Amino acid sequence: MDLNFSAEDIGFRHEVRAFIAGALPAATKTWMVAGKSPTKTMVVEWQRILNAKGWAVPEWPVEWGGPGWSAARKYIFREELQMAPAPSPLGFNVNMCGPVIIQFGTQAQKERFLPRMANVDDWWCQGFSEPGAGSDLAGLKCRAVRDGDEWVINGQKTWTTLAQHADWIFLLCRTDLAAKKQEGISFILCPMGLPGITVRPIITIEGGHEVNEVFFDDVRVPADMLVGEENKGWDCAKFLLGNERFGQARVGASRERIRRLKIIAREALDGGEPLINDPDFRRQVTEIEVELKALEMTVMRVIAADMKRHDGKPNPTTSVLKIKGTEIQQGVSELLMKAAGPYAWVDGDPDEEGSNEWDLAPDWAFGLAGTYFNWRKQSIYGGSNEIQRNIMAKAFLGL
Amino acid sequence: MDLNFSAEDIGFRHEVRAFIAGALPAATKTWMVAGKSPTKTMVVEWQRILNAKGWAVPEWPVEWGGPGWSAARKYIFREELQMAPAPSPLGFNVNMCGPVIIQFGTQAQKERFLPRMANVDDWWCQGFSEPGAGSDLAGLKCRAVRDGDEWVINGQKTWTTLAQHADWIFLLCRTDLAAKKQEGISFILCPMGLPGITVRPIITIEGGHEVNEVFFDDVRVPADMLVGEENKGWDCAKFLLGNERFGQARVGASRERIRRLKIIAREALDGGEPLINDPDFRRQVTEIEVELKALEMTVMRVIAADMKRHDGKPNPTTSVLKIKGTEIQQGVSELLMKAAGPYAWVDGDPDEEGSNEWDLAPDWAFGLAGTYFNWRKQSIYGGSNEIQRNIMAKAFLGL
Amino acid sequence: MDFDLTEDQSLLVDSVRRMLADQYGFEQRKTHMKSIEGWSTAMWSAYAEQGLLGLPFAEADGGFGGGLIDTCLIAEQMGRTLTLEPWFTTVVLGGGFLRRAAPELRAAMVPQVADGSLKLAFAQVERQSRYDLHDVATTARHEGAGWVVNGRKGMVLHGDSADRFFVTARHAGGPRDRGGIGVFLVDERHATVRGFRTVDGGRAAEVEFDQAPAVLIAEEGLPMVEAVVAEAIAALAFEAVGCMEMAHTMTLDYMKTRQQFGKPIGSFQALQHRAADMLVALEQARSMSFYAVQAAAETDADERRRGVAAVKVQVGRSGRLIGQQSIQLHGGIAMTMEYACGHYFKRLTMNDSLFGGADHHIRALADDGGLVQAA
Amino acid sequence: MDFDLTEDQSLLVDSVRRMLADQYGFEQRKTHMKSIEGWSTAMWSAYAEQGLLGLPFAEADGGFGGGLIDTCLIAEQMGRTLTLEPWFTTVVLGGGFLRRAAPELRAAMVPQVADGSLKLAFAQVERQSRYDLHDVATTARHEGAGWVVNGRKGMVLHGDSADRFFVTARHAGGPRDRGGIGVFLVDERHATVRGFRTVDGGRAAEVEFDQAPAVLIAEEGLPMVEAVVAEAIAALAFEAVGCMEMAHTMTLDYMKTRQQFGKPIGSFQALQHRAADMLVALEQARSMSFYAVQAAAETDADERRRGVAAVKVQVGRSGRLIGQQSIQLHGGIAMTMEYACGHYFKRLTMNDSLFGGADHHIRALADDGGLVQAA
C-alpha cells in the first residue's frame, strides 16, 4: 500500500503545470477565472495547442495519437487543466465518440475521423436524449431505415449540447422496431450540414444557449456511417457511458472554484467586515472542502485500481463520483452566489452590455446566480443522481 | 383572520400554569428536568391530582369527566404540562383506549372502564404491533377464537410500551382468518393478570426497559370484552390512530428541552469559554428553534381548523406534525448529547450507582447520550416517518 | 384564533386570482417582460382599478384601509403569478413609508399611488452595506430650508420606473452607527438612474443622488425602516409561499403525466417521498408566513427583529428545498426558459436574498439569543 | 500509488479477521462484556499471540515493526467486531507515546506490552478541557530527583485496567498555554482509579493523582501529544469504517429478508436510495481514512492538524448518517440491546466524539483556513 504519487508523477505534474502556464492564452484564462464557459474559439485554439504537444487525446491509444499515460498521469493532466483553469479537450470528440470509434469502428472510420477529432477539425455533438427518452434512454424513438446504400433518419433529439457549433453528430437510432427496448438500436454518425436537419436552440433558465433540439426529417447518410453492428448500438452507448468514470468528479475544477470563492469572500463585505470572517460562511465552505478531499481520495482509489487491473468494470465508486462530484459543484456555485449577496441579482454580463460605468456590482459578481441556476442540471444529466442511486441499489447492494 | 389566542385563553394559560406550579410534586419536576421519564408512581400520583381537579381527561366528553375545553385550551393545557415539565395524562388510558370505548363501547364498558381509566386505577397498555406486523399493521397474526362466552387468544405482541406496569391491555386480534387483511380483525380488552400471559422485557440500546413482548397462550377473556363489532376492529384502530394528531408534535416538550440545552450550554466549556459562545453551536440550536416555531404555528392551524369544522378528518398536516415533531425532538436530543462533550460517555445514572463522589461528570450530563440513542425510536414508531411520507404521497398528493 | 379568511378577504383574493388567471398566464407574462418597462402598464391600471394600489392606506388618506394580512394575501397571489409590476416596491415598501409620513404628504401622495399615477421605490442597498439596514454611507445635510442627499444606491428594485424614492441617508454619526440615519423622499427627476434586469426577470436600478433636494420623512429613521422592512418581509413570506405552492403543484402534475420506464415517474417511491418532503417544507413555510404577520406587528422592536429573522430563515430554507427539488423532479424540462417552473425557482432564490437570506438571519437570530429563552 | 494490501498485510488482516470471527461473535461479545473486566482476558492473550500488541513497535525494541497503516488495518477489524479490550489505549495511544520515549524505557516496556502483561492508558481529558489537548490544569513539578503529578483526569479510556498512565501535566505557563505541558508516565499504584462503563459498552475511569511519582517522557510534550493523537485519529477512522461497513451490511441483509406489505422492504425505492446514500457516505469515509494515514504522517504540524481535522469531519458525518440510518431502516429491532446494529451505532457515536467530534473539527479547520488555499 502506497498512498502517494511517485516522484516521477509529481515531476510530470510540474511539467504539465509549467506547460499550461506558458501556453494557455491569457484571455482564455481570464475568461474562465470569471466562471464563464470557454467559447468555441477558445476551445478549438487550446485543443490545437494541446494536440501539437501530443496531449489532446490522453485516453486514446498511442496508435491514434494518445500520449500513453498511466491512469495516474491522465488524472494529473485533467486536474491541472481544471485548476488552471483551462478548457478540457472537447469531450464529445475525445471522451465520447472517439473511444467508440476506436473500439467499434472500421479502419476506414478510424482513419477518416480520429485525427480530425483530435484536432477539433470537426466539432462533434451527442444525439442520445429524446423528449420521451431521458432517464429511460432505451425508450428512444428516432428511426433510421436502410434504403439502399443509405440510412434515412427521422425523429428528434433534444438536450443536444453545443449542437450549434457542431459539424457532426453521433446518434442512437432505432433500426429494428420489432426488437425489445434496448435491442434494435444502432449507433450512427451524421454530418450536421445535411438537408433535413434543423437545430432549434433551447434557452436555459439563466438565459444561456448551450443545448438544442435537433430534428431529422428524411436525413440521408451513407450506410458506412454505422458504427459497430446494426442493432447493436446499445453496446456502443453502454461503452461510452461507462467511460464517464471521472468526468463528473471534476475535483480540480471544484478546487479552482473554491479558491475563487475564498478570494471573493475576502473582498465582499458582510456586517462591515470581509465575508471570510463570518464563521458560518467559513464553515459552509469548509464542509465542501472536506467532501472534496474525500472525493479526491475516492478518485485516487479508482485510478489505483484501474492501474492494477485494467478491467475497467463499472464499480459503485463511479456513482459515488457522479453524486458527490455534482453535489460539490452545485454547493460551491450556491456559495459563490451567496457570497455576492445583493450583487448576485444583476442579470447578464457587463462585458456584453457595455462598460461597467458605475459600480453596478463588482465584476466578480456577474453571472454567479446564472451559474448556480444553470448547474442545477448537473444532478439531472449524465444519468440523474436518482438513476445513480438506482444503479447502486440494484448492481452493488443487491436490493 | 385572527392569529392570536383570545384574552380568555391567555387567562386560562395563566390559570393552568399557576395550578401546575402549585400542585406538581417537586421531586417529579426535578426528575423530569433532568430528562428522565417519570416513574409509574409519579405518573399515577400526578394524574390523580389532575383528576381531582377535573383535568385528567381533556379530550373526553363532559359526560365522562372531560372539562369541555375548546381545541385551543386542550392545546394550551398540553403545552403547559410539557413545558413545566410535568407528566402528561397516561396516553394509553386517556388518548388511546378511552376514546375508543367512548366511541365504540357499550354503556356497560363505559361505566366499568372510563372512571378507572381517568384516575389510573387501571394502567392500560397497547397490543397492536407484532413481530411480523410493524409498519404493515394489517399483517397481524395474533388470533382470538370465540369459544362459548369467551374469546381464546393466542399469539404474540411486541413493542408493548410499559406492559410491565399494566393492569389491562387493549389489543387487535384476528377473528376471521378467511377475511382480507384489514378485515377480520377485532378490538379486545384483556386483563394482564390472566393465566397464559407472559411479559418479557425488551431492553433498548441505551439500557432502558420501556417495551416488552407479550405472549398469549390460550388466554380466555369474556365475550363482552370485545369493543365494537366483531371483525370491525380496524375501524377502532383507525379511529385511535387518527386521534394521534398532535401527540408527536410535542412543541411544549421540545421548548422545555431547548431551555435546558441553553442552560447546559452556559455551563459547559468549549475552548475555555461557555459553549453558548460558539457561533456554530448557537446556529444549530437556532435552526431547531425556527423549525419549532413553524411547527407551533402548524399545530395552531390544525387546532383553528378543528375549532371551526369539527370534522376531525385526517389532513396532511398530521403527517407534518409527526415528521417535524420527531425530527425536532431527535435534533434537540443530539445537541444535548453534543453539549455534554466527553461527559456524555458515562453510562448509567449516578443516583442509581451511588453518590457522584468525585466529578465523574456534571450531573446534567448523565443520560443525555442514552436519550439520544433511545429517541431514534421516535421516527420509527407511531407510523414510521417513511410511512408518513407514503401517506402524504398517496392521500394528499395523489401520487 | 382563526386562520380562515374573512368574507371580504375571500372576495378580494378571489377577484385578484381571477384577474391574474385571465390576464397573467405564463405566456402573457413573457410578453409583459419583453415590453419597454419590463412589466405591463395595462396590468398596473388593472391593479389600480381592483384597489390593489391603495390597499394598505387609511381610508381618510384615500386608501382602502386594508391591514397587513390583506397586503400579504395579495402578495401571495403575486407570487403565484410571478407578476412583474412594481406593486411590492410601490405599495409595500413605498407604501410602508408613506403610511408613516406626515398627514400632508399622505394626503398629497396616497390618491396618486392608489390611482396608479405615482410609483415608489426604496433606495437602501449600498456597495458595502450588504444586508445591514444601518450601514449607510449616502449622506444628507441641511441646505437652505431643506435637505440635500448625496450618494449612490444599488439594487433599487424597480428603481427605473419609480417616480419617487424613499432613501436612507446619514446626517450624523459614523459608519454603521444606528443613530443619525434619516429617511428622505427624493423625486426621480433629481436622481440619475441606470436600470437593469434582475436574475428573476424583474427590474432594478442603480440610483445616484448628486445634491438631490429631499423631503425629510424621519430624522432618526432607522426604527421606521425596520418597521417597514418587517412588513415587507411578511409580504415576501406570502409571496414565497405562493411561488412554492405553484412549483410544488407543477411538479406533482408533471410527475403524474411524465412517463419513464413505462410508468408515470410519480409512481416511484423515492420521488414520492421527495414530493412529500416538499409538502412538509411548504406547510412549515405557510405556518411561518402567518407568524410573520404577528411578528411584524410586534411593538417591541427586539421581539419583532427576532420574529422576522425566524421567518426569513424558515421561508428561505423551505423555498430553497422546494425550488431545487421542483427542478430536479422535473428533470431537463424545468431547466428551460420556456417552462414556468424554473422561473419560480429563480424568484424563490431572489426572494430569499431580499433583506438578507436565511444564512444572514440565522446568524442574526442566534446572536440575538434565539426564540426560546433559557429562563 | 496503490491502495491494495501487501501480501504481509493481507495475511495479517485475514488471520485477525478469522480469529475474531471464531472467537468474537456478537453473543461471545456479550459474555466478554459481562466479565469483571468488561472485556476478555483470553482474547487479550490471543492478541498477544497474534502479535497485535507489539505491532507498531520497532523490532529492535521487541516489537514487530508495523507501520501506521498496519495498526489502522487492525483497528478496522476491531471496529467490525466491536472488541472491548484495551487494544486501542495500550497499543495506539500508549504505544504512540512509548515509541517516542527514551530507548531504556522502550527496552523495558515494549516486550511487556507485546506479551500482554502491561496495559497502558492516556490520561488527558479534564473537567474543563473538553477536546482541547492544551487545556491542562493537572500539575507536575520537580521533587527530589524526579517529578510528581497532581490532578484529576476524567474519561480515561480503559483507565480501570491500565498498569501505566501517560499523563499530560502542566509544569509551566498559564491555563491553555501551549507551552509548559509535559508528558509523564505514572504507575497505576500511584493513582486512585474509579472505573465506569461507557455508553458504547466499553470501560473508562476517572483517575486522581495525588503527589504521584512520575517519569518524564517529554518536557515540552504538546507536539508529541498532537503527533500521537493524529495517529490515533487515523486508527479511529479505520475503526469507524469497520463499524460503518458492518452496520451497512447488516442493514442490507435485513432489507432483503424483512417482509412488509407482502415484499422485502429492500424492494422499496425510497429505502433503496437511503441505502445508496449510506454507501456514498461509507465510500467517502473509507477514502478519508486512507487520507488519514497520509495526514498523520505529515511532518508539518499545521498541515497535519488540518488534515486530521478534515478526517474527523468526514468520518464523523458519515458515521452519523450510517449509524442513524441503519437504525431507521431496520426499525424497532435495531433499537434493542440484543441486536448488534444498535451497538455499531453507539460505537460510531462515541468514535466521533473521541478527540473531538465533527463539529469541533469543522470549526477548527475553518478557523485554520480550510484545505484549499486561496492562493
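Throughout, a chain's letter reflects where its sequence line sits, starting with A, and its residues are numbered from 1. Because the structure is a prediction, the values reported are computed rather than measured.
Judged by distance alone, the side chains of D:Thr336 and D:Glu338 never bring a donor and an acceptor atom under 3.5 Å apart. Between the side chains of B:Gln329 and B:Arg250, at least one donor-acceptor pair of N or O atoms lies under 3.5 Å. With hydrogens and angles left out, the side-chain atoms of B:Asn385 and D:Gln328 include no donor and acceptor closer than 3.5 Å. Defined by atom type and a distance below 3.5 Å, a donor-acceptor pair is present between the side-chain atoms of B:Ser319 and B:Gln388.
Proximity to chain D is limited to the side chain of B:Ile387, based on heavy atoms less than 4.5 angstrom apart. Within the 4.5 angstrom heavy-atom criterion, no atom of D:Tyr339 approaches chain B. Both the backbone and the side chain of B:Trp345 come within contact range of chain D, judged by heavy atoms closer than 4.5 Å. Heavy atoms of B:Ala344 lying under 4.5 Å from chain D belong exclusively to its backbone. Both the backbone and the side chain of B:Ile203 come within contact range of chain D, each with at least one heavy atom under 4.5 Å from a heavy atom of that chain. Contacts between B:Gln330 and chain D at a heavy-atom distance below 4.5 Å are absent for every atom of the residue. Within the 4.5 angstrom heavy-atom criterion, only side-chain atoms of B:Tyr372, from C-beta onward, approach chain D. Neither the backbone nor the side chain of B:Pro279 comes within less than 4.5 Å of any heavy atom in chain D.
When each of D:Asp135, D:Val125, D:Leu354 is scored by its heavy-atom pairs under 4.5 Å with chain B, the top score falls to D:Leu354.
A distance-only check finds no donor-acceptor pair linking the side chain of D:His248 to the backbone of D:Met244 [under 3.5 Å]. A donor-acceptor pair under 3.5 Å is formed between the side chain of D:Lys346 and the backbone N or O of B:Ile205.
When every heavy atom of B:His209 is checked against every heavy atom of B:Val211, the shortest pair comes out as CD2-O, 3.4 Å.
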